Amino acid sequence: MKYDFKNIEAKWQKKWEEDGVFHAKDDSDKKKFYALVEFPYPSGAGMHVGHIKAYSGLEVISRKRRMEGYNVLFPLGFDAFGLPTENYAIKTGIHPRKVTDTNIAKFTSQMKRVGFSFDWTRTVDTTNEDYYKWTQWIFIKMFEKGLVFRDKTLVNYCPSCKVVLSNEDSQGGKCDICHSDIVQRSKDVWYLRITEYADKLLEGLNEVDYPANVKAQQINWIGKSRGAFVDFTLSGTDEKLTVYTTRPDTLFGVTFMVMAPEHPLLDKYRDQISNFSEIENYRDICSKKTEFERTQLVKDKTGARVDGLSAVNPVSGKEIPIYISDYVMMGYGTGAIMAVPAHDERDYDFAKKFGIDIVEVIKGGNIDEAAYAGDGEMINSDFLNGYTNKKESIDRMIDNLVEKGIGRAGVQYKMKDWAFNRQRYWGEPIPIVHCPHCGMTPIPYEDLPLRLPDMENFEPGEGGESPLAKVESFVNCICPKCGAPAKRETDTMPQWAGSSWYFLRYIDPHNAERFADSDKLKYWMPVDWYNGGMEHVTRHLIYSRFWYKFLYDIGEVPVSEPYAKRTAQGLILGPDGEKMSKSKGNVVDPNDVVDTYGADVLRMYILFMGDYGAAAPWSENGVKGCKRFIERFAGLMDMIGQGAVTEVIDSDLHKTVKKVSSDIEEMKFNTAIAAMMSLVNKIYDAGSITKNELAVLVRLICPFAPHIAEEMWEKLGFSGYASLAEWPKFDENKVVDSMAEIAVQICGKVRGTITVPVDAPASEVIAAAKANEKIAAILDGKTIIKEICVPGRIVNIVAK
RNA sequence: GCGGGUGUGGCGGAAUUGGCAGACGCGCAAGAUUUAGGAUCUUGUGUUAAUUCGUGCAGGUUCGACCCCUGUCACCCGCACCA
């Protein structure tokens with residue numbers, strides 16, 4: 001059979017679309033399967049091979065599920081709000097709406113060329129007002145439940161993009177988008193109180209099937225720690241300086257305290273501080289540093305002593321000095337720490353630099369040389385002396401602090417509340433009105449969506465104001481509560497907003513009454529399998545679990561966790577083994593591959609190139625190898641009925657069905673394809689195959705290379721689609737061999753092999769091994785010390 | 001610094017999870033076919049003089065270790081002075 005991939009692929013893509021082969025049914029008696037992939041940002045550059053890899057995994061699994069009789073929902077949409085489109089609009093003057101539509105159209109047609117079995121009738125676009133209406137709706141629900149608040153805070157500000165960025169978006173002290181330096185600036189920030197859900201987000205991990213490393217990353221991100229709040233008295237005042245510590249048991253080793261330079265108590269007691277000008281000086285220096293710079297792990301600590309103020313160690317009663325340093329931040333804990341230089345590296349460095357006492361309270365290290373962070377016997381600690389168990393000593397100390405009324409057990413989270421506003425045009429408007437009488441007032445639900453006004457100039461306003469602030473007809477409005485003239489909020493939501501609930505909209509994408517119908521939600525949720533990149537397992541995965549759990553708490557969705565199972569694909573590197581990037585010139589365009597080799601070859605190669613979860617470099621020769629395989633596969637058509645099929649092939653066919661079926665479930669696509677290659681090689685050796693056997697193989701390869709599979713299915717004379725044909729079953733009897741070849745080792749080294757019945761008892765197997773010529777020769781003259789036989793696996797004879 | 005991961009032929013990667021290391025593919029070599037190139041087919045291909053040595057390195061456990069343990073090196077990802 002000639003492999004005319006261009007015509008074959010176009011032909012079947014057209015048929016699939018015309019017949020709606022991959023449309024999910026809402027009213028089905030079948031078991032459902034909801035497969036979700038992370039929807040793309042429709043950039044102007046178009047599709048990337050990374051997209052293909054990200055979708056190919058669940059593409060194969062979805063196709064297998066359909067053949068197994070499931071009602072499959074496998075949708076794709078577009079996460080289209082965001083800076084690149086807006087920046088492009090600023091540069092070219094083309095409206096972001098137009099740019100987005102163009103890019104989505106381009107992506108869609110490219111995706112269709114690959115033959116993905118997405119249900120294109122359910123596609124969503126986060127920038128569509130029918131979609132963002134519900135993003136705003138959820139925001140207002142959160143507002144009503146007190147999960148939204150506003151605060152004036154020091155924020156990361158990008159002077160070039162003129163936007164406030166969350167900490168997550170400003171890593172490295174550089175803007176995530178334009179890479180210019182971030183500066184600290186005071187701004188009004190809208191926050192979502194995600195910390196309220198910290199425990200629920202942690203507990204929910206017990207219910208879901210995520211890889212252990214993904215769970216570990218989420219747990220670390222949330223960063224729950226148990227410890228104690230301890231009150232230190234400022235000497236000469238009634239003022240309490242409270243600190244949070246995870247190691248209250250080291251309290252006897254506290255020889256100084258460190259406050260964040262911004263700590264408000266410094267201002268309150270400025271009259272008592274004799275060197276306040278020095279403090280202000282240091283504050284000035286700190287304010288110029290970004291949070292990133294402040295939090296670099298540097299040996300050379302900076303800081304200043306606070307003269308005139310000191311604290312009292314509440315357990316020892318000793319008076320200890322207070323310092324300020326930028327390694328302590330207002331944003332975590334209480335903005336002040338108790339320093340235990342003997343057992344904390346940062347405190348140790350600081351103490352050495354400023355000549356502060358170091359008191360050892362845990363035995364085991366040499367505190368003249370370095371801080372000792374390990375476990376050991378407590379010393380110099382009064383009632384804790386002799387304790388070696390960390391948990392016991394911590395509990396004992398907390399009891400003591402509570403007894404004395406100077407402390408209490410506490411919990412802290414590393415996770416911060418989610419900064420939720422951007423001064424940008426291309427995002428969801430925040431549906432809040434600022435009324436001089438009523439304050440912040442949400443827009444009534446029936447008035448949603450709050451539409452983005454049409455405008456021409458998308459440059460941010462002066463001082464980083466949102467471009468929307470320039471649109472008077474948008475800004476000026478009437479308070480929905482009291483009717484007085486009011487102003488609209490002009491900031492928009494971040495890109496994470498739309499992607500926090502998109503999987504719910506696929507379930508009912510055209511519903512005008514609700515974000516999705518309850519019965520449909522009940523049928524389809526949870527997502528059975530969610531695949532995406534490792535880079536999203538903290539931010540997006542936590543944000544969307546948070547939104548979903550909120551919707552669950554207010555009774556809008558049926559189950560408590562959105563994603564039952566999560567997996568992640570690995571990167572595709574350039575042919576040079578480096579991460580693909582335009583600047584390196586090592587980017588592979590999937591469209592070129594489809595043009596030259598066809599979609600089936602592209603799909604096959606991407607899944608064959610290596611472990612799906614690991615990074616692997618692109619190889620043009622590897623692509624050619626897959627093309628060769630598909631051509632050989634198509635060539636099987638010419639071998640039908642050329643002779644009697646041997647039992648070996650029959651058994652191999654069943655083994656292959658078994659292996660491919662189980663490998664797909666484990667996302668071991670590379671070995672599934674290898675198994676099919678091996679079988680095809682064997683068939684070529686045999687020179688013949690029956691029509692029914694080929695029909696099995698065609699269905700087996702269908703999820704990987706659906707176009708050629710459909711074409712062969714039709715040529716074989718079957719009606720209907722291979723894509724909807726029944727997934728092949730295997731006969732367990734034909735998978736089990738009657739004889740097994742097992743290795744015979746002498747002293748752990750393989751010296752020969754024997755073939756024995758699989759169910760032969762150990763004694764017989766050992767006897768057979770000894771009877772083997774080679775083995776007998778080696779054993780001749782030696783004393784057998786031990787004989788090990790694992791039936792069906794191995795014989796090992798230890799001899800001297 | 002903390003957390004997670006990876007390390008196997010010339011290359012991408014397999015290995016039933018403690019039981020014959022190198023499946024499958026690429027590349028390479030020889031041969032066939034072809035006017036030639038390309039394509040295709042056949043055979044071979046970790047290494048060695050070896051019954052040798054071989055899964056980053058050094059130890060350990062075990063009859064037996066790519067797999068488990070201890071130490072160590074290198075690289076990748078995430079978080080980052082988190083108290």
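Keep in mind it's a predicted model, so treat the numbers as computed, not measured. Letters go in sequence order (proteins before strands), and every chain restarts at 1. The figures here come from the full heavy-atom set of this structure, side chains too, leaving out hydrogens, waters and symmetry mates.
- With a 6.0 Å cutoff to the six-membered ring centre and a 45° limit on the axis angle, R632(A) counts as a cation-pi contact of Y684(A).
- When distances run from any side-chain atom of R793(A) to the nucleotides U17(B), G12(B), C26(B), the shortest one goes to U17(B).
- Which of C63(B), C24(B), G4(B) sits closest to the side chain of V798(A) comes down to C63(B).
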* **Verdict with supporting geometry, Y612(A) and E666(A), side-chain hydrogen bond (donor to acceptor under 3.5 Å, both in side chains)** => CA-CA 10 Å; Y612(A) 188 66; E666(A) 293 166 57; over 6 Å; no
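- Of the C1' atoms belonging to C67(B) and A15(B), the separation is 10 Å, rounded to the nearest Å.
- Residue contacts for T753(A): at a heavy-atom cut-off of 4.0 Å it reaches a base atom on one of the strands shown.
- Paired regions of RNA chain B, where each region holds three or more successive Watson-Crick or G-U pairs whose two hydrogen-bonding distances fall under 3.5 Å, are B:1-7 with B:73-79, B:10-12 with B:24-26, B:27-32 with B:40-45, B:56-60 with B:68-72.
- In terms of position on RNA chain B, the residue among Y413(A) and N213(A) whose nearest nucleotide sits closer to the 5' end is N213(A).
- The glycosidic torsion of G46(B) lies more than 90° away from 0, which places this base in the anti conformation.
- For the C1' atoms, the distance linking U8(B) with U55(B) amounts to 4 Å, nearest Å.
- When the C1' atom is compared between G31(B) and G22(B), the two are found 26 Å apart, to the nearest whole Å.
- Residues E620(A) and K624(A) are not paired through a salt bridge, judged by the lack of any N-O separation under 4.0 Å between the basic side chain and the carboxylate.
- For the C1' atoms, the distance from A74(B) to A58(B) is 15 Å, rounded to whole Å.
- At the heavy-atom level, D347(A) lies nowhere under 4.0 Å from the strands shown.
- Side-chain contact of E38(A) with H540(A): a donor-acceptor pair under 3.5 Å is absent, judged by distance alone.
- Classified by interplanar angle (parallel below 30°, tilted 30° to 60°, perpendicular above 60°), the ring pair W418(A)/Y543(A) is parallel.
- Side-chain contact between I701(A) and M676(A): present, with at least one pair of heavy atoms (C-beta onward) separated by less than 4.5 Å.
- For A23(B), the OP1/OP2 oxygens have no side-chain nitrogen or oxygen of N670(A) closer than 4.0 Å.
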Result block: side-chain N/O donor-acceptor pairs under 3.5 angstrom for residues 740-755 of chain A, not counting sequence neighbours:
none

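- The interatomic distance linking F669(A) (CZ) with A14(B) (P) rounds to 13 Å, in whole Å.
- The side chain of K668(A) places no N or O atom within less than 4.0 Å of a non-bridging phosphate oxygen (OP1 or OP2) of C24(B).
- When distances run from any side-chain atom of A743(A) to the nucleotides G12(B), A14(B), C20(B), the shortest one goes to C20(B).
- Looking at the side chain of Q217(A), the nearest of the listed nucleotides G19(B), G78(B), C26(B) is G78(B).
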* Just do the side-chain hydrogen bond (donor to acceptor under 3.5 Å, both in side chains) check on Y210(A) and T567(A) with the steps written out, would you? => CA-CA 7 Å; Y210(A) 294 1; T567(A) 51; over 6 Å; no
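- R566(A) and D209(A) are not joined by a salt bridge, as no carboxylate oxygen comes within less than 4.0 angstrom of a charged side-chain nitrogen.
- Among the heavy atoms of the strands lying under 4.0 Å from V790(A) is at least one base atom, whether or not backbone atoms are also near.
- Between T538(A) and N621(A), the one whose closest nucleotide on RNA chain B sits nearer the 5' end is N621(A).
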* Asked: Tell me, for nucleotides 38-51 of chain B in 5' to 3' order, what letter each nucleotide earns: B for a base near a protein heavy atom under 4.0 Å, S for only sugar-phosphate near one, - for neither?
  -> --SS---------S
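- A gap of 34 Å separates the C1' atoms of G78(B) and G10(B), to the nearest Å.
- Distances were taken from every side-chain heavy atom of P617(A) (C-beta onward) to each of C53(B), G19(B), G12(B); the shortest belongs to G12(B).
- Spacing between G60(B) and U48(B) at atom C1', rounded to whole Å, works out to 29 Å.
- Between R603(A) atom CZ and G25(B) atom P the separation is 21 Å, expressed in whole Å.
- With rounding to whole Å, I785(A) atom CD1 is found 11 Å from G64(B) atom P.
- Counting non-hydrogen atoms under 4.0 angstrom, G223(A) reaches nothing in the nucleic acid.
- Rounded to whole angstrom, the span from the CD atom of E741(A) across to the P atom of G19(B) amounts to 17 Å.
- Spacing of P atoms, C68(B) relative to G46(B), comes out at 27 Å, to the nearest Å.
- Nucleic acid contact class of M534(A) (heavy atoms, under 4.0 Å, all strands): none.
- Listed pair K414(A) / C82(B) fails the phosphate criterion, with no side-chain N or O lying under 4.0 Å from OP1 or OP2.
- Among the heavy atoms of the strands lying under 4.0 Å from A615(A) are primed sugar atoms or P, OP1, OP2 only; no base atom is included.
- Contacts of E787(A) with the nucleic acid, taken as non-hydrogen atoms under 4.0 Å apart, are absent.
- Classification of the F229(A)-Y244(A) ring pair by plane angle, with boundaries at 30° and 60°, yields tilted.
- Using P as the reference atom, G44(B) and C11(B) are 23 Å apart when rounded to the nearest Å.
- Following rounding to the nearest Å, N796(A) (CG) and U62(B) (P) show an atom-to-atom distance of 15 Å.
- Among the atoms of the strands shown, none is found under 4.0 Å from any heavy atom of D344(A).
- Looking at the side chain of F608(A), the nearest of the listed nucleotides C26(B), C24(B), C63(B) is C24(B).
- No side-chain donor-acceptor contact under 3.5 Å links E787(A) to the backbone of I766(A).
- Atom-to-atom, CD of Q745(A) to P of G64(B) comes out at 10 Å; the value is rounded to the nearest Å.
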* Asked: Hey, mind stepping through Q412(A) and R226(A) against side-chain hydrogen bond (donor to acceptor under 3.5 Å, both in side chains) and telling me if it holds?
  -> CA-CA 7 Å; Q412(A) 282 283 296; R226(A) 274 165 244 277; over 6 Å; no
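- Listed nucleotides: G12(B), G19(B), A21(B). Nearest to the side chain of V750(A): A21(B).
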* Please lay out, stage by stage, how Y323(A) and F354(A) fare under the test ring pair (Phe, Tyr, Trp, His ring centres under 6.0 Å). => CA-CA 10 Å; Y323(A) 290 79; F354(A) 288 87; 5.3 Å; yes
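- Between the CD atom of E666(A) and the C1' atom of A15(B) there is a distance of 14 Å, rounded to whole Å.
- Atom CE of M259(A) and atom P of C82(B) are 19 Å apart (whole Å).
- Glycosidic conformation of U45(B) is anti; the angle lies outside 90° of 0.
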